[in-house]
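The next block holds one structure in the form of structure tokens; read it before the comments.
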Amino acid sequence: MRIATTLRRACVPVLLLVLWQVLASTDVIDERLYSSPERIADTFVELTRDGTLQDNVGVSLLRALAGLALGAGLGLLVGLAAGLWRLAEESVDLTIQIVRTVPVFALTGLFIVWFGIGETPRIVLIASACFFPMYLNVYSGVRGVDRKLLEMSDSMEVGSLTAMRHVLLPGALPSALVGLRFALAYSVLALVIAETINSRNGIGYLLSSAQQYLQTDIIFTCVLLYGVLGVVSDVIVRVLERVLLGWRSGVEAR
């Protein structure tokens, strides 16, 4: 069943790649501008053989993970605090709602002024992009827990910590995982911008260098790598959902 599902999911991307290759091979499209899948595969192999790809992908992964851990971790903590305690909500929620309307990428110049041109502004940029979706979903998840469950725990004279552990946190977990999914996606998007900040390594550096010399095969390779990172992040969250939310019953697509 899972194999059939995987094949159905892969059907459209494979057909698009085949069509792309046919159009490039028959000169319907200019391969200098729309480098063929075959050429992109050859470029991928070449960059892998000389170690360029591994080195730059490794740097990009570390940046994305560092920013994700900082931003999503802080968003989780602040979201829990604002959801659980009214004082925390009144203290931070309005400020967060105001700041989140400002495009994070518009702050790139300020981050460079504040933190220099090293790794710090890149990680802060990624963290800023990850913080808001995590905060909003965790806050919403905590506030969305069924009040009847809390009343039941009160009637059973369950302690606050026990109720938090067995009622509030499990109830907020589905929303928190949605926030993690968005945070992972935003970490990849922010990574693209972050690696344009005077970077000398990473996938974004390869992309910028290829643009200068019109190397479309390398450009497409980098774009596909970003896409792969997005798919992998989504798969990770799906696995977490199956492991952590096995108790949840819901409607499945037919």
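Since this is a predicted model, take the numbers as computed values, not measurements.
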With Gln211 via side chain to side chain donor-acceptor pair (under 3.5 Å) - residues at least two apart: none

Sequence-distant partners of Ser36, side chain to side chain donor-acceptor pair (under 3.5 Å), two or more places apart: Glu31

Pairs touching residues 176-192 that satisfy salt bridge (charged side-chain N to carboxylate O under 4.0 Å, His left out), sequence neighbours left out: Arg181-Asp234, Arg181-Glu241

Set of side-chain contact (heavy atoms from CB on, under 4.5 Å) partners for Leu19, sequence neighbours left out: Leu23

Separation of Thr48 OG1 from Glu46 CD (nearest 0.5 Å): 9.5 Å

Flag side-chain contact, heavy atom, 4.5 Å: Gln215 against Thr43: no

Where Val138 and Ala176 come nearest, the two heavy atoms and their spacing: CG2-CB, 4.0 Å

Reported CG-to-CG distance for the pair Leu76 and Asn137, which is rounded to 0.5 angstrom: 11.5 Å

Partner residues of Phe115 under the side-chain contact (heavy atoms from CB on, under 4.5 Å) criterion, sequence neighbours left out: Phe111, Thr120, Pro121, Val124

Partner of Phe220 under ring pair (Phe, Tyr, Trp, His ring centres under 6.0 Å), chosen from Trp20, Phe44, Tyr34: Trp20

Gap separating the CG atom of Leu68 from the CD1 atom of Ile126, nearest 0.5 angstrom: 9.0 Å

Donor-acceptor pair, side chain of Ser60 and main chain of Ile203, under 3.5 angstrom: yes

Separation between OG of Ser25 and CD of Glu38, rounded to the nearest 0.5 Å: 6.5 Å

hydrophobic_cluster_shared for Leu53 and Ile219, side chain cutoff 4.5 Å: yes

From CZ (Arg100) to OG (Ser128), nearest 0.5 Å: 15.0 Å

Same apolar cluster (I L V M F W Y, side chains within < 4.5 Å links), Leu80/Met134: yes

Val99-Phe131 co-clustered via ILVMFWY side chain contacts under 4.5 Å: yes

Set of side-chain contact (heavy atoms from CB on, under 4.5 Å) partners for Ala82, sequence neighbours left out: Glu89, Val92, Tyr135, Tyr139

Atom pairs and distances, donor-acceptor, side-chain atoms in residues 221-232, under 3.5 Å, two or more places apart:
residue	atom	partner	partner atom	Å
Thr221	OG1	Asp217	O	2.7
Tyr226	OH	Glu195	OE1	3.2
Tyr226	OH	Gly204	N	3.1

Connected-component partners of Leu87 among ILVMFWY, side-chain separation under 4.5 Å: none

For Leu16, the rest of its hydrophobic cluster, which grows through side-chain links under 4.5 angstrom: Val12

Ile193 vs Leu125 side-chain heavy atoms within contact, under 4.5 Å: yes

Donor-acceptor under 3.5 Å (Ser209 side chain, Leu206 main chain): no

Members sharing Tyr186's hydrophobic cluster (side chains within less than 4.5 Å): Val178, Phe182, Leu189

Co-membership, hydrophobic cluster, residues Leu136 and Val102, 4.5 Å side-chain: yes

Intermediate values then yes/no, side-chain contact (heavy atoms from CB on, under 4.5 Å), Leu17 and Gln21: CA-CA 6 Å; Leu17 286 175; Gln21 180 62 49; over 6 Å; no

Nearest non-hydrogen partners of Leu70 and Ala127, listed with the distance: CD2-CB, 3.8 Å

Partners passing side-chain contact (heavy atoms from CB on, under 4.5 Å) against Asp55 (at least two apart in sequence or in another chain): none

Co-membership, hydrophobic cluster, residues Leu62 and Tyr205, 4.5 Å side-chain: no

From Leu184 atom CG to Cys130 atom SG, the distance as rounded to the nearest 0.5 Å: 7.5 Å

Nearest non-hydrogen partners of Thr101 and Ile98, listed with the distance: OG1-O, 2.6 Å

Criterion side-chain contact (heavy atoms from CB on, under 4.5 Å) on Glu90 and Arg86, from CA distance to verdict: CA-CA 6 Å; Glu90 294 173 349; Arg86 184 177 300 276; 3.4 Å; yes

Donor-acceptor contact present, side-chain Arg122 to main-chain Gly118, <3.5 Å: yes

Hydrophobic cluster (4.5 angstrom, side-chain heavy atoms) - remaining members for Leu77: none

